[in-house]
**Q** 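Dumping the structure here so I can ask a few things about it.
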Amino acid sequence: MESEERHRTQQTQQPVRVLELFAGIGGMRLALSYAGLAVESVAVEVNQQALAVYGLNFGRDHVVNRDICSLTPRWFDQQHCRIWTMSPPCQPYTRQGKVRDAEDPRAKPLLHIISVLQEVTAPPEAIVLENVRNFEQSDSYLLLCEALRARGFEWRSFLLSPQQFGFPNARLRFYMVAKRRPFLFRRIPNMEAAASTGSDASTAHLLEVPWRHLPCVAPRALEHGQSVLCETLRDTCTSCGQPALASRAVGTECCYELKPVSDFIDADDADWLVPEGTMQKESARCFDVVYPDCRHSSCFTKAYGRYVDGTGSVLSVARKLAQSSAAPCSYTMQEFFGVLRYFAPAEVARLLGFKLEVSAASCSPACLPQCQSHLASDEHVKSCQCSRYQLPLAKPRELWGLLGNSLNPQVVALVCEACDLSDLVQRAEATAKKSILRAALSEVHQQSLGPSTSLGGTWYWMPCQVESDKGLVVHKVDPSSITSDGNKVQASLLFANDPNVKPLQLELSFFLSDVDGSCGIVRTFITEKDPLHPRFRLAPGDVVRKEEDLLKDKVSLTEGTGVTEIASSQSAACKVKLQHSPFQLEFLAHGQVVQKLNSRRLLNFERYRPKDGQAHAGLVDATDVDANNLFEESFGGHTDSKPRGPAAVGVDVAFEAAVDIFGLAEHAVGLGLGENHLQEPYRFFNLDVFEYALDVPMALYGAIPLVTAIHHTKPGEAVASGFFFPNPSEGFVNVETAKGSPQTETWWLFESGVMDMFFLAGPSPQEVLQRYHTLTGFPRMPPISTLGKHQSRWNYVDVEDSIGVNRKFDQHDIPYDVLWLDIEHTDSKKYFTWHPSHFAQPDKLLTALEASKRKLVTIIDPHIKKDNGYDVYNKMKNHDLFTKTKDKQLYDGWCWPGSSSYPDFCNPETRQLWTTFFKMDYYPHNRPDLYTWNDMNEPSVFNGPEVTMPRDNLHKCSEKQYEVEHRDVHNVYGFYHHMATVEGQLARAPNIRPFVLTRSFFAGSHKHGAIWTGDNMAKWDHLAISVPMLVSLCLCGASFVGADVPGFFFDPEPQLFQRWHQLGIWYPFYRGHAHLETKRREPWMLGKEITDNMREQVTVRYQMLPTWYTLFAQWALSGQPILRPLWYQDAADAEAFRHQNTHFLLGSDVLVRAVTKPGEDILNVYLPSGSWFDFWNLEATPLPGGQSHRVKADPSHVPVYVRTGAILPKKMRRRRSSLAMASDPYTIYVYGEQAGGHVYIDDGQSHDFMQGHFVYDKLSFDGQELVSEPAQTLHVTGAAKGAAGAFKQSTAVERLVFVGLPSSPVSAHVVGKADTFQVTSSRMQNGAWVATVKKPLCQLGAQWKLRLAF
């Protein structure tokens, strides 16, 4: 049965591609099969006999007949293998216990593989190695460990004998499993380092004492009486009596014990996967009879005899056996098995007393009688003259792995299982595109192995049943329950098909926009009355502002037949129609229905119920359609106990006359959610996704359940509306748009919690976002230095390496602002610490950066290393602030530090304690402006379901006890971690602006800091997808966003490196970052040509900082997105939607077109209405808008255009950093005869702007006069009061550049002043002029008019 289950599991798995080095006849392949992996292999072997057998067993197409030393790193990369297996030839030096095995010519293939491992672009995710004892003391092993560590592997090694697992062989063999992060070891901890006198002191730490046995899984009793499986290693087993290391002696029962050999021999053939061709290998045909007077194996002698002084020969063994007086078939002779090193299986079989088969066809006439006599009498033959080897009578499984000439696949398999090699399969399945809807119809898992199989399945079936019955009513409003009070309307929602089910409570609340006081925010709240368990609801003020802080919109009710109309008292433009039966809501703006809620009758609210509760009398919710897995669900080797049962909530929302909707960040898809035409819903479940796939609805790192719809209600007109559903549990949103359909249909489903939904009126996309920020809060204004270039890597080696990088930026005259340190800078991944040797002098680095006017970022992840010597862990534990298991025990998960605990950031007390770790007297070498990076905060748990926390874990949140399940709050774990870190920086220095980058996020994370798109890849399609991903985030209110440039994983080709940086300078957050295993990729690493181009492109980023800073102020203080789709200013422009995945607007006036493919010479650039100037060439003829243009791709930059009518502030002097530019004057670019714009200035670092200490000027040009109007108003801060206090930014204007003037000015002067300024002009290609006024004596923050004279 076990074998059948394994076969069935392997058939449903995606095969793991394996490179078998020294493949033999396939032993390693069998081992991985035993370990439960479906294998697709590439086998490398030079032995022709082994090749023939391997090809017979597994197919010749998989076999490579080449010398291993001839295979290049490129060849290894081309195989795309996730696992490498090795059973390399055992060098004679190693067999004799000598360490200098690298001197042996036979070591060359292994040394070549070690060299290749250091050079390949894509190293494997795991390596499995088997060898002889003493290999762990050899040169080869030391070199292998050095290579593994350099490429980011961790490994575990073992010395085991098959005897420990019931096989008749006591010979110790060496086993190793190495896994590349994040595939770490859950059950096998590190052993202490070997004190190797034969190794260099600097590398001795790489060696570890091998384990002598595998994890014990014998039952052990816990204090509360439950029996569980022990998942830790024990070093002394009372059953099998294995040897233990003296320093780690712990007694316990073991999972394996010495078994009678008969159990092994008599096993069912079906349990063994021995290939049929095994016995056709020549060395398996040896018929030498073991007896003192008999000759030894000729094949053995040729290969090995001369190296081991005969100790390994059959003759030597037979003599020792005779001296022992042990019977040949006695299993007490195991003491001699230790010298049976390289016997063919037939020789071992003979020692064990197996009968051998002979025939006249294979035996010579001289020996045939003796052989026949031997068979008849079962006596030993004195000699044998057979001309050919004979096939033993024993079954293949009786011979396989009895030491012979091969490894033991079963033992290798047990090692692989103990090392959790199957994690590779789970991770692949977690990121594969699989249907959550089909999961309900089959036994395969859905896209991420999550327990939402039943969630998605029931939601699939409910629409089928409801929509197939047009007259079916599930929910209806009780008209007599409708009440109104100020801005609120309440009613009861009845379950139409079962009057015994308690009704739901419906509440509608109406609010006004903070920005302009207009109506158009409707909150729809639905929950159950008197729930069996409390329904989780986000604390007011965390994600959505408290209602008492919002502007209330008083409403009036008008009753009709079966309908209640609710109208805003502020304006007749905002109305809601409440239909009673079936329940439905219609949202109207300016007389047009723009959204309908529950028009398809798919409202689903699963009330908490007892497990043995009574079935519903009719259709009440989705559990009546599919009742599978309601109270427990298994998936991916994990079980979700679901103690409270089903609690899903969901509803359909129709967007009338909307051809598409936008938002639902974060997904690696095109901007138009319906246009993507995905067959599955978009999933919200924040995950640590490794090398994420594109154009699939799978969950990524963050969740913002907000969409903006564009409605084409009339020809040539478009209006916008938004829908926001901030539920932090796992969610799915299905989007359906049919060609020619007048509307976009969606349905929304969440695993638990309440239904708290918001309708947001337009009529423009900007007004939708203003209403969203009214609800969730306006963004945080970042420090100006964080708008510059960021330089990061996993990891800069030490302080000197980091200082060297900083120095080389100056040497190459390339500006940058912020240096980043990843996890290796810490002491054993303990955050708020520094590595005791590599970063023993962080002040030296911080001082060097301060001298360069630059900043430092250190990483602080949420997992806390379980270490009683670690103060952060002790404080959290002593205050009882860690997340707990469903049994209310301290939850233990694995992440970078190994065994870790996870703070309950949902708990305000946890966040308060977290802030204290940022104090100047707590965090060593702290600075008021030491910035922070929050990574892995989905949270990432390497040994958890879907690489995250179990859903039945418990949080305290704002409750008195640990009663909130993790399923309720999963998607806000990173949100609260981010919040706590920002609060920590504010507690450290209240008037210094914090900067915290987060990977995981939720709606409202924009209030805390920056976001990036996670672990992307250095591939062209990842460059391309960054455009819609970032624009989508901006449409969801989060504008301080970026993607790692030029991709986190893999080494970018030079053209990709160059093009991505050319695009990256137009990201709001611009960071270069790289994986541990990639080559160094600082701007000067790819040659002079690329270095020069990088210098010029990064310089443009810094020249544009005044424009960037103004856009950030308008975002943070007024809610205007920084990046915008082409159609944002004119949603009626249908053609703009067709280019939304490759083009974007920076603000309203700068258009960027990404170069998304290698070798693109001609680009199709679409320009919206108006005319557009070439950003790079001011003398070029402006291009007309409203059409596409074929543009030649310039290798030095991506196409960028500026809209006629724009005014852009710049600073043109190249400095080393943004703070070094503080005293530089401004250059103002004016595009066209009529133009307008703004410029914002403050001190760049403090919160003084909140008291009005900033400059915000409106600039306008009418063709002759450029006018500055200071003291403009921003929503959050009010009117600008100008420079004050510590304000040290220059406000001087050194140059005015007018582009596209119809004639050339002869002079200029400031109205009211006598000075006249010289004007220099140049002719454009179309005959227009570019005129420059130098040193016009204008100050920003003051009122003035500069007049041109023609």
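All of these numbers come straight from a predicted model, not from anything done at the bench.
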**Q** If I compare all heavy atoms of Phe725 with all of Val754, which pair ends up nearest, and what's the gap?
**A**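 Shortest heavy-atom contact: CE2-O, 4.0 Å.
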**Q** In terms of side-chain heavy atoms, does Ser721 have a donor or acceptor partner in Gln595 at a distance below 3.5 Å?
**A**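 Side chains of Ser721 and Gln595: pair found under 3.5 Å.
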**Q** At what distance, to the nearest 0.5 angstrom, does CG of Leu550 lie from CD1 of Ile521?
**A**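 Separation between the atoms: 7.0 Å.
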**Q** To the nearest 0.5 Å, what is the distance between CG (Leu1117) and OH (Tyr1256)?
**A**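 Answer for the CG-OH pair, Leu1117 versus Tyr1256, is 9.0 Å.
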**Q** Is there a side-chain hydrogen bond (donor to acceptor under 3.5 Å, both in side chains) between Ser1171 and Thr1204? Walk through the geometry before answering.
**A** CA-CA 6 Å; Ser1171 63; Thr1204 297; 2.5 Å; yes
**Q** Taking all heavy atoms of Leu760 and all of Arg771, pick out the closest pair and write down the distance.
**A**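 What the structure gives for the nearest pair is CD2-CB, 4.1 Å.
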**Q** How about NZ on Lys714, more than 12 heavy atoms from neighbouring residues, nucleotides or ligands closer than 6.0 Å, or not?
**A**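 For Lys714, atom NZ is not crowded (no more than 12 foreign heavy atoms under 6.0 Å).
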**Q** For the pair Ser1039 (side chain) and Ile1122 (backbone), establish whether a donor and an acceptor sit closer than 3.5 Å, ignoring hydrogens and angles.
**A**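 Checked: pair present.
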**Q** Considering non-hydrogen atoms only, spot the tightest contact between Asp1149 and Trp1172 and give its length.
**A**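 Scanning both residues completely, I find the closest heavy atoms to be O-CZ3, 3.6 Å.
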**Q** Ignoring hydrogens, what is the shortest heavy-atom contact between Arg600 and Thr746? Give both atom names and the distance.
**A**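 Nearest pair, atom of Arg600 first, then Thr746: NH1-O, 4.5 Å.
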**Q** In the structure I gave you, are the side-chain heavy atoms of His667 and Tyr682 within less than 4.5 Å of one another anywhere?
**A**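 Side-chain contact under 4.5 Å: yes.
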**Q** So Leu602 and Asn604, do their side chains get closer than 4.5 Å, heavy atoms only?
**A**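 No; the side chains remain at least 4.5 Å from each other.
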**Q** So, do Met755 and Val651 sit near enough that their side-chain heavy atoms are less than 4.5 Å apart?
**A**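 Yes, at least one pair of side-chain atoms sits under 4.5 Å.
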**Q** Could you give the distance from NE2 (His580) to OG1 (Thr561), rounded to the nearest 0.5 Å?
**A**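 So the NE2 of His580 and the OG1 of Thr561 are separated by 9.5 Å.
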**Q** Quick one: are Val669 and Leu678 in side-chain contact, heavy atoms under 4.5 Å?
**A**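 Sidechains of Leu678 and Val669: in contact.
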**Q** Please say which of Ser518, Ser568, Ser513, Ser509 ends up in a side-chain contact (heavy atoms from CB on, under 4.5 Å) with Asp553.
**A**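 Only one option passes, and that is Ser568.
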**Q** Please round to the nearest 0.5 Å and tell me the distance separating atom CG of Leu664 and atom CG of Leu1035.
**A**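 Separation between the atoms: 11.0 Å.
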**Q** Do Arg537 and Phe525 form a cation-pi contact, if we require the NZ or CZ to be under 6.0 Å from the six-membered ring centre and within 45 degrees of the ring's axis?
**A**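 Yes.
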**Q** Would you check if the distance from the ring center of Phe605 to the ring center of Phe495 is below 6.0 Å?
**A**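 Ring-ring flag for Phe605/Phe495: false, centres at least 6.0 Å apart.
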**Q** Between Tyr1201 and Phe1173, is the ring centroid distance below 6.0 Å?
**A**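 That pair fails the under 6.0 Å test.
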**Q** Minimum heavy-atom separation for Val649 and Gly753, please, with both atom names.
**A**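 Taking Val649 first and Gly753 second, the nearest heavy atoms are CG1-O, 3.7 Å.
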**Q** Has the side chain of Glu745 got a donor or acceptor atom that lies under 3.5 Å from a matching backbone atom of Glu736?
**A**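 Answer holds: no.
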**Q** Is atom NZ of Lys476 surrounded by more than 12 heavy atoms (other residues, nucleotides or ligands) closer than 6.0 Å?
**A**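 Open: at most 12 neighbouring heavy atoms sit under 6.0 Å from NZ of Lys476.
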**Q** Answer yes or no: is there a side-chain heavy-atom contact under 4.5 Å between Leu494 and His475?
**A**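 SC-SC contact between Leu494 and His475 ruled out.
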**Q** Distance-only, no hydrogens or angles: does the Arg1203 side chain make a donor-acceptor pair with backbone N or O of Ser1148 under 3.5 Å?
**A**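 Here the side-chain-to-backbone pair exists.
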**Q** Does a side chain donor of either Ser764 or Tyr1128 reach within less than 3.5 Å of an acceptor in the other side chain?
**A**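 Result is no, nothing qualifies.
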**Q** Please state whether the rings of His1275 and Phe778 are parallel, tilted or perpendicular, taking 30° and 60° as the class boundaries.
**A**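 Plane angle between 30° and 60°, so tilted.
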**Q** Are side-chain heavy atoms of Ile1207 and Tyr1231 found at a separation under 4.5 Å?
**A**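 No - every pair of side-chain heavy atoms lies 4.5 Å or more apart.
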**Q** Hey, are the side chains of Leu1167 and Leu1126 touching, using non-hydrogen atoms and a 4.5 Å cut-off?
**A**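 No. Closest side-chain heavy atoms not under 4.5 Å.
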**Q** Which class fits the ring pair His1006 and His773: parallel under 30°, tilted 30 to 60°, perpendicular over 60°?
**A**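 Plane angle over 60°, so perpendicular.
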**Q** Any luck finding a side-chain donor-acceptor pair between Thr564 and Glu559 under 3.5 Å?
**A**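 Yes, side-chain donor-acceptor contact under 3.5 Å.
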**Q** Take Phe1112 and Phe1040, measure what ring pair (Phe, Tyr, Trp, His ring centres under 6.0 Å) needs, and give me the verdict at the end.
**A** CA-CA 8 Å; Phe1112 267 87; Phe1040 199 2; 5.0 Å; yes
**Q** Pick out which of Phe662, Trp748, Tyr772, Phe758 makes a ring-ring contact (aromatic ring centres under 6.0 Å, His included) with Phe723.
**A**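 Exactly one option meets the ring-ring contact (aromatic ring centres under 6.0 Å, His included) with Phe723, and it is Trp748.
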**Q** Can you tell me how the ring of Phe1137 sits relative to the ring of Trp1127, calling it parallel under 30°, perpendicular over 60° and tilted otherwise?
**A**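 Taking Trp1127 first and then Phe1137, their aromatic rings lie parallel (interplane angle under 30°).
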**Q** As an exercise, state the distance from NE2 of His1143 to CG of Leu671, rounded to the nearest 0.5 Å.
**A**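 If we round to the nearest 0.5 Å, His1143:NE2 and Leu671:CG are 13.5 Å apart.
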**Q** Between Thr744 and Ala658 (side chain of the first, backbone of the second, donor and acceptor by atom type, cut-off under 3.5 Å), is there such a pair?
**A**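 Present.
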**Q** Within the 3.5 Å criterion, strictly below it, is a donor on Gln505 or Glu507 matched to an acceptor on the partner's side chain?
**A**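 There is no such pair (donor and acceptor under 3.5 Å, judged by atom type) between the side chains of Gln505 and Glu507.
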**Q** Enter the distance from Lys596:NZ to Glu586:CD here, rounded to the nearest 0.5 Å.
**A**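 Reported value, rounded in 0.5 Å steps: 5.0 Å.
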**Q** Could you tell me whether Lys554 and Asp485 make a salt bridge, using a distance below 4.0 angstrom between a side-chain N and a carboxylate O?
**A**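 No, Lys554 and Asp485 are not salt-bridged.
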**Q** For Pro726 and Val543, which heavy atoms make the closest approach, and how far apart are they?
**A**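 Looking at all heavy atoms of both residues, the shortest contact is CB-CG1, 4.4 Å.
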**Q** Are the side chains of Gln490 and Thr483 in touch, meaning some heavy atoms are under 4.5 Å apart?
**A**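 The answer is yes; the side chains approach within 4.5 Å.
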**Q** Checking salt bridge (charged side-chain N to carboxylate O under 4.0 Å, His left out) for the pair Arg523/Glu547: CA distance, chi angles, key distance, verdict?
**A** CA-CA 10 Å; Arg523 185 176 205 163; Glu547 287 202 356; 3.0 Å; yes
